[in-house]
Structure formats: C-alpha cells, structure tokens
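Structure incoming, see below.
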Protein chains: 2
Amino acid sequence: MTGKQSEAAMPPLVLEDFIPYRLNKAAEAISQRFASQYRDEYGLTRPEWRTLATLGQFGALSATAIGAHSSMHKTKVSRAVFSLEQRHWLKRKRDEADRRTEHLELTPAGRKAYQHLATMAHGYETELFARLGERGAAELKAGLSALEAYYRQGR
Amino acid sequence: MTGKQSEAAMPPLVLEDFIPYRLNKAAEAISQRFASQYRDEYGLTRPEWRTLATLGQFGALSATAIGAHSSMHKTKVSRAVFSLEQRHWLKRKRDEADRRTEHLELTPAGRKAYQHLATMAHGYETELFARLGERGAAELKAGLSALEAYYRQGR
DNA sequence: TCTATTTAGTTGCATTTGTGACGATCTTTT
DNA sequence: AAAAGATCGTCACAAATGCAACTAAATAGA
C-alpha cells in the first residue's frame, strides 16, 4: 500500500472535480434559466437570441462575422438569420463592393425586442451576482478571464 | 448627455461581459479539446464518454442514476449505454428486487479504456492548470463552486 | 384485491444540428 | 485576361437530440 488510500481503490477520475465537466454543467444550468425567459416571452431559440444580441451590440455584421464572434456554425447562423428575417427583426443589405456578403441589421422592431431582452439579461445577471456574492462573482469573472486568455490564442 | 457616454450609443448588452455567454463559450472551447482526444482515440461521443466516466467512478449504477448525476436526458443515456454495450465495455444486470431497473457495470475492457481515458483527462487538466497559472486556476475553481452552490439548490 | 398512479428504460417521430456540395462572387496566379 | 483557388451564404442529406407514447414492473389507494 502506498499511503493515501486504504482499502477501496480510488476512482481514477472524480467528475465533480474535473473542470470541463463542471464547466459544462454550470454553463448548461445557467444558460437554461435565461433561455427559458426568451423562449417563453418571444419563442426565440438560442442561436436566434445569440444572433440578435450580436447584431444589437455591433450594429451591422455579415453572417460570417456573427458566427466567428459567437462561435456558431455557418448554417446555424444562416438559419437564425432566416428566422429573424421572417419576424421582420432584421433586414439584409448586399455589400455593393463585395456582392457575396450581406450586411445584417436590426429593424426598429428587432431593436425594440433586443432592448427588452438586453434588459432582461442584465436583470438576470444582477440576480446571479447577488446570489454568488461579491467574492464568488469576482472569482468567477477572474477565472473566466484566465480561461479566455488560454483558449483564445491557445493551441 | 448624461456623462459616461459621448456620441455613440452604448450597446445595452456587451456579450463579452455577459456571464452565461462567456460560460458557454468557455465550456464549449475547453470541452471541445478534450472531446477530440477521446473521439480520435476511441470514436466516443460525449454522452458515451460521460457514461463511461460516471460508471468508472461509481462502479455500478442504473441508467437513471447516471442521467441524474451527469444531467443527461434519459434517452441520451439509453443510447450511450446501448453503444457501450455493443463495444462490450459494460454489461447489464437486472435488479432482482426491482426488475425494472438494471445495474450497469464496466467490463474489464471497459475498465481498461476508462483507466486510459481518465489518465488522459488528468493530463489535460494538468496542462490546463499550468496554463491558467496557480492564481487563475484557484479563481476558476472558486467561481465554479459558487455557481454550483447557486444552481444546485437552484431557484 | 383490483384499479390507478408512478417509475425504469426503450422506441418512433419530429426537430435541431452538422457535413459536404453547390452557385455566385472575389482574389491570386500565371 | 484566363485559370485556379478562396470565400460567402444556402441547401440536401445524414446524424444527433428531445418529446411523447409505450411496455413492463412496482407502489399506493379504494
């Protein structure tokens, strides 16, 4: 026997301690709650919400740019754009210089929905921070920043 | 003008600061890297790896227990179990007291694969911690713990 | 005891997602 | 300027996921 463990074999991996596992569960749980808000209120899917939020923040972007920024697959963006267009929440404009790309922009209706959802998002986050406590919130942000620095230029 | 902002309107929500968004992107990026390892080496899907890891850690569980522990949908577990069974990595045993439930247990082959994957997982995490730095890793863990405490007893 | 309800796990079906190929357009090379 | 290659967005198809219905078995209620 080599010390630490006595009779029972220690499991080679404790999932509750494994960072990718914990991150996934946490992300899913936290997103779920907010997702049900925009789903209940507007019937939006996650890719649709992401697209809306990205356009709301940046003004006018190509589909490719949206995907690059928010890590969504080409086709996911394409479909979300189509769906938002159906709602008349965004309109497309051909780039006259490069006629392959189209610039996507929110309509007034889209912007209005965005404003509302952004407010809900802030509310959600405020509540989250309150429950995490000053300390927990600060640690989480710092930890996420470290992670982002890692995988941003990572590998 | 009300101070802070000058000419351009501030976007109502900055995605790079929004916790659910950051968590999702981080979780996806971090998981992706490890997922490609077990995918390339064994052709495992995520639900399969999760099921394997859960059984490896806990020894023998019902499908329901696996799903509850790792937040996977019933049918996801059912299909992962089927697939692992095809590989002869686990076997089912009827519970004689309650003949609806089956106890799932890794075979020697399954255990061997698990050992290997668990080793890879540790390696991955070790490298991750190294890149995050002592500080970043500690903050991330603390932040995750705070989150877990939040959503565990949820609402 | 007989019925109604709950639980474990699977399956069919619809929805969502990713892959690969495509037409159109732009860029680079020769 | 023609040919080859890259990029933008879409679509058909295949794979993965979730939902609802189902069988079998246990439990609770009458």
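In what follows, chains carry the letters A, B, and so on, assigned in the order in which the sequence lines appear, proteins first and then strands, with residues in each chain numbered from 1. All values below were derived from every heavy atom in this structure, side-chain atoms included, with hydrogens, water molecules and symmetry-related copies excluded.
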Nucleotide nearest B:Thr75 (side chain, heavy atoms from C-beta), chosen from C:dA24, C:dT7, C:dT11 =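 Closest nucleotide to the B:Thr75 side chain: C:dT11.
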
Between D:dG9 and A:Thr64, is there an OP1 or OP2 to side-chain N/O distance shorter than 4.0 Å?
-> yes

Could you check how far CG of B:Asp98 sits from C1' of D:dT23, rounded to whole Å?
->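 For the pair B:Asp98 CG and D:dT23 C1', the rounded distance is 15 Å.
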
On a plain distance test, is the side chain of A:Arg79 in donor-acceptor contact with the base of C:dG18 below 3.5 Å?
->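 Answer is yes: a donor-acceptor pair is held.
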
Charged N-O contact under 4.0 Å between B:Glu148 and A:Arg22 = yes

Rounded to whole Å, CD of B:Glu48 lies from P of D:dA16 at a distance of 9 Å

Flag side-chain contact, heavy atom, 4.5 Å: A:Ile66 against A:Met72 | yes

Taking atom C1' of C:dT27 as reference, at what distance in whole Å does atom CG of A:Asp95 sit?
-> 15 Å

Measure the distance from CE on A:Met72 to P on D:dT10 and round it to the nearest whole Å.
->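 Roughly 13 Å, once rounded to whole Å.
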
Take the protein atom CZ of B:Arg94 and the nucleotide atom C1' of C:dT10, then report the distance between them rounded to whole Å.
->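 Between C1' of C:dT10 and CZ of B:Arg94: 11 Å.
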
Return no unless some side-chain N or O of B:Lys74 is found under 4.0 Å from OP1 or OP2 of C:dA8.
-> no

Of the listed nucleotides D:dG9, D:dA26, C:dT25, the one nearest the side chain of A:Glu102 = D:dG9

Calculate the interatomic distance between B:Leu44 atom CG and D:dA16 atom P; express it in whole Å.
-> 13 Å

Please figure out whether A:Lys76 or A:Glu96 has its closest DNA chain C nucleotide nearer the 5' end.
-> A:Lys76

Counting any heavy atom closer than 4.0 Å, what does B:Ala97 reach on the DNA or RNA strands: base, sugar-phosphate only, or nothing?
->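 Sugar-phosphate contact only.
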
Counting side-chain heavy atoms from C-beta on, which of D:dC19, C:dA8, C:dG9 comes nearest to B:His73?
-> D:dC19

Verify whether one side chain among B:Gln32 and B:Arg46 offers a donor that lies under 3.5 Å from an acceptor in the other.
-> yes

Do B:Trp49 and B:Phe34 have side-chain heavy atoms sitting under 4.5 Å apart?
->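 Heavy-atom side-chain distance check passes, below 4.5 Å.
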
With no angle test and no hydrogens, is the base of C:dT25 tied to the side chain of A:Arg99 by a donor-acceptor pair under 3.5 Å?
->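 Counting by modelled atom types and ignoring angles, no donor-acceptor contact under 3.5 Å is found here.
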
Residue closer to the 5' end of DNA chain D, A:Val77 versus A:Arg100 (nearest nucleotide) |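 Nearest nucleotide further toward 5': that of A:Arg100.
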
Reckon B:Ser62 touches a base, only the sugar-phosphate, or nothing at all at heavy-atom distances under 4.0 Å?
->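 Sugar-phosphate contact only - B:Ser62 comes under 4.0 Å of backbone atoms but never of a base.
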
Closer than 4.0 Å, any side-chain N/O of B:Arg92 to the OP1 or OP2 of C:dT10?
->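 Yes, within the criterion.
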
How many Å lie between CZ on A:Arg46 and P on D:dT17, as a whole number?
-> 14 Å

Output yes when at least one side-chain N/O atom of B:Ser78 is less than 4.0 Å from OP1 or OP2 of C:dT10, else no.
->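 For C:dT10, OP1 or OP2 has a side-chain N or O of B:Ser78 closer than 4.0 Å.
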
What is the distance from CG of A:Leu61 to C1' of D:dC8, rounded to the nearest Å?
->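 A:Leu61 atom CG is separated from D:dC8 atom C1' by 15 Å.
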
Give me the ring orientation class for A:Tyr21 and B:His69: parallel if the planes are under 30° apart, tilted from 30 to 60°, perpendicular past 60°.
->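 Rings of A:Tyr21 and B:His69: parallel, as their planes differ by under 30°.
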
Is the shortest distance from a Lys or Arg side-chain nitrogen in B:Glu102 or B:Lys93 to a carboxylate oxygen in the other one below 4.0 Å?
-> no

